[in-house]
A.B. asks: 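Have a look at the structure that comes next, please.
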Amino acid sequence: MTRHYNFSAGPAALPESVLRQAQAEMLEWNGIGASIVEISHRSADFMAVAEQADQDLRTLLGISDDYAILFLGGGATTQQALLALNFASPGQRVDYVVTGHWGKTAIKQVSHYVDVHVAASSEADGFTSIPPRASWTLSPDAAYVHITDNETIHGVEFHDTPDVGQVPLIADFSSSIASEVVDVSRYGVIYAGAQKNLGPVGVAVVIIRRDLLERAGQPRADIFDYRSHVARDSMLNTPPTWNWYLAGLMFKWMLAEGGVAEFARRSAAKSALVYEAIDASGGFYRNTVQPAARSRMNIPFFLPDETLTTRFLAESKAGGLLALKGHKAVGGLRASLYNALPVDAAQALVDFMRDFQQRHG
Ligand SMILES: *Cc1c(COP(=O)(O)O)cnc(C)c1O
C-alpha cells in the first residue's frame, strides 16, 4: 500500500491515523458486537459518540454555550439555502459580500426568498482580492451579512473578521474552519461542509448563536427548520452517523496535535513555502491573487501554457503528488493545503516545482 501526498480540494485527505482507527473499528466498535455504522442513532452508544464530537468541537474552536452546534446532512450548499429560510423574513434584505465562486453559489440558494443585496464584490477583478471594508454598502436593515471566509476555487481568504456592526455576520468556513484562531463570538452563524478540513463528506457543521433561533424566518418544512434540529440534537431524522463519528475522530486528532493554534502555524508554514516558490520562479509560476488576500488553504497557480500544465500534472502524479489540477472555472493548477496535509507534503511539492522549472523553464 502506498499513500501519496494528496492535494485534493475536497473531498480531501484524512490523517492516516484517523483512517487506521476507523478501519480497526469498522467491524466492531468498542466491544458492542456491531459497527458504529450499524446501530441506531438514538442508542446510548451512538449518542455518546455524538455528544463527544460536540464537546470536542467546542473545545477545538472555543465555542461557548451561547451557540448551538448542528451536525447535518446535505453539505454546505444546503445550509446556504437554509440561512435565508431561518434567519430572514419573506422578502427581507440580506447583504452578501462576494469574493469568489462560493459567494455566488450562496446567493443563488436564497434569491427566491429574500432581497439579495451585493454589498461588495471582487468579480470585476476576477476574484483576486477582498474589497476593502470601507467600500462595502451594508444595509442597516439587513437580516444578516454573508461572507465566504475562504474561497476554495479562487484562493482568496479573509485574514480578519470584518466589523459589520449590529447585523449578524454569517460565514461560510467550509475550507478554512479549524485552520486559524477565530473569535466565534464575532459571528452569528459559522457553517462548514466537513470534507475539507473536518473530515469526510456527508456532514456539515452549523454553529448558530442561539438568539438567532428566535427569528420567525420563512414558512418552511420542519426538516428545514434549524430550531427543530436544535431541539432534537441534530436527530430530527437519521443523521449521517458514520460521517459524524469520523468527524469526531478528526476533532480528537486535531486536539492531540495541538489544536487550532498549531494548525494555524502549520498552515502559515505550508502556504509560505508554496507562495515563496511561486514568487521566486521569475514568472514561470504565477498566482494572480493580491498578496493580502491570498489563501493559506487553496493556492491556484499557473504555468506559461497548457502543454506545460498537462506535463506538470502527469509528472507530479507520477512523483506521488496527487490532485494538483485546478478547478475548471479558473484552470491551471491548485494546491489545497488542509489540516490533514503535513508540512512535508508542501515541501515535496515545492521541491518538485523547482525541479520541474529547471527541466522545462
Ligand atoms: C466545498 C465548498 C462548498 C460546497 O460544499 P458542499 O458540501 O459540496 O455543498 C461551499 N462553500 C465552500 C467555501 C466550499 O469550499
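Counting starts at 1 for both ligands and their atoms, in listed order. Throughout, numbering of the chain's residues begins at 1 and tracks the sequence. Just so it is clear, the structure is predicted and the values come from calculations on it, not from any experiment.
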A.B. asks: Any salt bridge between Asp225 and Arg220, counting N to O under 4.0 Å?
C.D. replies: yes

A.B. asks: Got the residues with a heavy atom under 4.0 Å of ligand 1, by chain and number?
C.D. replies: Gly75, Ala76, Thr77, Trp102, Thr148, Asn150, Thr152, Asp172, Ser174, Ser175, Gln195, Lys196

A.B. asks: Listed by chain and number, what are the side chain to side chain contact (heavy atoms under 4.5 Å, CB included) partners of Asp233, not counting sequence neighbours?
C.D. replies: none

A.B. asks: In the hydrophobic clustering that connects Ile, Leu, Val, Met, Phe, Trp and Tyr at side-chain heavy-atom distances below 4.5 Å, which members other than Met1 occupy its cluster, ordered by chain and number?
C.D. replies: none

A.B. asks: Listing request: all ring-ring contact (aromatic ring centres under 6.0 Å, His included) pairs with a residue in residues 34-81, at least two apart in sequence or in separate chains.
C.D. replies: Phe46-Trp244, Phe71-Trp244

A.B. asks: Between Phe284 and Phe356, what is the ring plane arrangement, given parallel below 30°, perpendicular above 60°, and tilted in between?
C.D. replies: tilted

A.B. asks: Looking at Arg296 and Glu157, is any side-chain nitrogen of the basic one under 4.0 Å from a carboxylate oxygen of the acidic one?
C.D. replies: yes

